[in-house]
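Encoded as structure tokens, the structure appears first; notes follow it.
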Amino acid sequence: MKKYILPILKITSCLVLTVGIFSCKNDKPAEETATLVQIKIPGFTADSAYVFVEKQVAFGPRVPNTTAHQECKNWLVQKLEGFGAKVIEQNFEAKAYTGTVLKGVNIIGQFNPAAKKRIMLNAHWDSRHIADSKLSTERRNEPILGADDGGSGVAVLLEVARQLQANPIDMGVDIIFFDAEDYGEHKEEAAATQEAEMRSMETWCLGSQYWSKNLHVSGYKPKFGILLDMVGAQNARFPKEGFSMQIAPALVDKIWKLAKAMGYGNFFVDEQLSGGITDDHYFVARNTGIPIIDIIHVSNKDGQTFGDHWHTQNDNMNIIDKRTLKVVGQVVLAVVYKEAGGSF
């Protein structure tokens, strides 16, 4: 995941991504006619989310075309169904940069599928097929466990799903786990030219690219989406990601202000990255126009690293911190339940 951090194009009105354009959207929400409803925000259980990370890691690396991948898929479907979601398995095939044809599955859990008002929550559930970080010192050609890179975002959303079952709301919520996000080409020399960057970008996020061109519901348009990626590490920090600030700046600001008001300003830092991160939200926004933002751990303001464990064999349970899971999960729950009550 994350592959390259690209410069953001300067714009004045309509959103322009480096490889596409879609129509302008008013950052201010439409006037609500419904009366505000006081809805209690449930507490996020970090112990539960931690166990969900452990379970994924126990399957081994969740690389497409492997037994561990298939077994984890079955478990994720069962968990979402067990939490009351209507589950759609969106199967697809995609050719990786290596020439390998990947058999992927996007897993879509629908809560209140008949509700017109909907929001979308996303994470990727696959893990990297090689440990190719420049910081990697061992077993570089072997797949990684992806406890943080993949596992943490899925775990947080599984706990959100559990809370949605225990504390029902009328609003529709779609939890979508994208597959084949992390099977892209990562070469340092690929950033030499913009053309090479663009080619490399397209090798990532194959599941979200497929989903965004083949929506599970015709005309699907949630009010907004939130992508979680690498949200479980110790000492995590979540700056305002560049493409998110192009796609939905008002949404980013509202979430970061909410997090600060909740006492989490040291995690949701008031800094904007100098570039945009190639992640699932980029392709969703480019191909559908859905306003979606990325909550992702970046170690410094210039976005040159995602942590020493990223794409190494150290991305295991030792890096996972319950406090980080709690912070991200509680913020997401606050957004969901405030939106359901009309107060977000």
Side-chain angles (χ1 to χ4, degrees), residues 8 11 13-15 17 22-44 115 117-123 153 156-157 160 163-164 167 169-176 221-229 231 236-273 276-277 279-282 284-285 288-298 301 324 326-344:
I8 299 293
I11 60 176
S13 56
C14 291
L15 167 62
L17 298 181
F22 53 81
S23 62
C24 299
K25 291 186 178 291
N26 190 339
D27 287 336
K28 295 182 179 180
E31 290 296 327
E32 297 287 348
T33 58
T35 304
L36 297 184
V37 178
Q38 292 295 326
I39 299 179
K40 182 179 178 181
I41 300 168
F44 185 89
K117 179 182 178 180
R118 315 196 64 77
I119 64 170
M120 177 177 68
L121 306 174
N122 307 108
V156 168
L157 295 186
V160 169
Q163 294 298 334
L164 285 170
N167 304 275
I169 53 178
D170 293 332
M171 182 179 70
V173 178
D174 299 299
I175 293 177
I176 303 179
K221 276 288 183 181
K223 185 175 180 182
F224 59 81
I226 299 174
L227 173 68
L228 304 182
D229 206 345
V231 293
R237 64 193 302 279
F238 308 110
K240 297 176 178 179
E241 186 273 331
F243 285 139
S244 300
M245 291 298 288
Q246 289 274 309
I247 296 163
L251 178 60
V252 174
D253 288 340
K254 286 174 72 174
I255 292 174
W256 263 247
K257 286 177 181 177
L258 175 61
K260 183 177 180 180
M262 296 170 67
Y264 303 144
N266 57 328
F267 286 86
F268 285 75
V269 294
D270 190 17
E271 298 174 0
Q272 181 175 342
L273 294 183
I277 297 172
D279 210 348
D280 288 314
H281 70 309
Y282 173 87
V284 170
T288 70
I290 295 170
I292 179 173
I293 64 102
D294 195 4
I295 298 175
I296 181 171
H297 165 64
V298 180
K301 188 175 180 180
T324 305
K326 168 72 173 181
V327 167
V328 176
Q330 197 61 65
V331 170
V332 172
L333 281 177
V335 172
V336 171
Y337 281 79
K338 281 180 173 289
E339 181 62 36
S343 62
F344 178 60

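Treat the numbers as computed from the prediction; the structure is a model and nothing was measured.
- Side-chain atoms of Leu227 and Met120, non-hydrogen and from C-beta on, never get closer than 4.5 Å to each other.
- Counting only heavy atoms from C-beta outward, the side chains of Leu121 and Leu228 never approach each other to under 4.5 Å.
- Closest approach of Glu339 to Lys117, counting heavy atoms only: O-NZ, 2.8 Å.
- In terms of heavy-atom proximity, Gly329 sits nearest to Val156 at CA-CG1, 3.7 Å.
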Open item on the list: Before you tell me yes or no, could you show the steps for Ile295 and Phe268 under side chain to side chain contact (heavy atoms under 4.5 Å, CB included), namely the whole-Å CA-CA distance, both residues' side-chain angles and the distance that decides it to 0.1 Å?
Closed with: CA-CA 9 Å; Ile295 298 175; Phe268 285 75; 3.9 Å; yes
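- Between Phe344 and Phe224, the ring-plane angle classifies as tilted under the 30° and 60° cut-offs.
- Looking at residues two or more places apart in sequence or on another chain, you find a side-chain contact (heavy atoms from CB on, under 4.5 Å) between Asp270 and Lys240.
- In this structure the side chain of Lys338 reaches within 4.5 angstrom of the side chain of Ile41, judged on heavy atoms.
- Formation of a donor-acceptor pair under 3.5 Å by the His297 side chain with backbone atoms of Phe238 is not found in this model.
- With values rounded to the nearest 0.5 angstrom, Glu241 atom CD is found 5.5 Å from Asp294 atom CG.
- Side-chain contact between Lys254 and Val335 is absent, with no heavy atoms from C-beta onward closer than 4.5 Å.
- Rounded to the nearest 0.5 angstrom, Lys326 NZ and Phe267 CZ are separated by 12.0 Å.
- Using a 4.5 Å cut-off on side-chain heavy atoms (C-beta onward), Phe44 and Val332 make no contact.
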Task: Verdict with supporting geometry, Ile277 and Val298, side chain to side chain contact (heavy atoms under 4.5 Å, CB included) - done: CA-CA 10 Å; Ile277 297 172; Val298 180; 3.7 Å; yes
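- Between Ser244 atom OG and Leu251 atom CG the span is 8.5 Å, to the nearest 0.5 Å.
- The structure places CG of Asn167 at 8.0 Å from NZ of Lys40, a figure rounded to the nearest 0.5 Å.
- Within the 4.5 Å cutoff, the side chain of Val284 has no heavy atoms near those of the Asn122 side chain.
- When the side-chain contact (heavy atoms from CB on, under 4.5 Å) test is applied to Asp170, no partner is found at least two apart in sequence or on another chain.
- Distance check, rounded to the nearest 0.5 Å: CG of Asp174 to CZ of Arg118 gives 4.0 Å.
- Here the CD atom belonging to Gln163 is positioned 8.5 Å from the CD atom belonging to Gln330, to the nearest 0.5 angstrom.
- In terms of heavy-atom proximity, Ala248 sits nearest to Pro291 at CB-CB, 4.0 Å.
- The shortest side-chain heavy-atom distance between Ile255 and Ile226 falls under the 4.5 Å cut-off.
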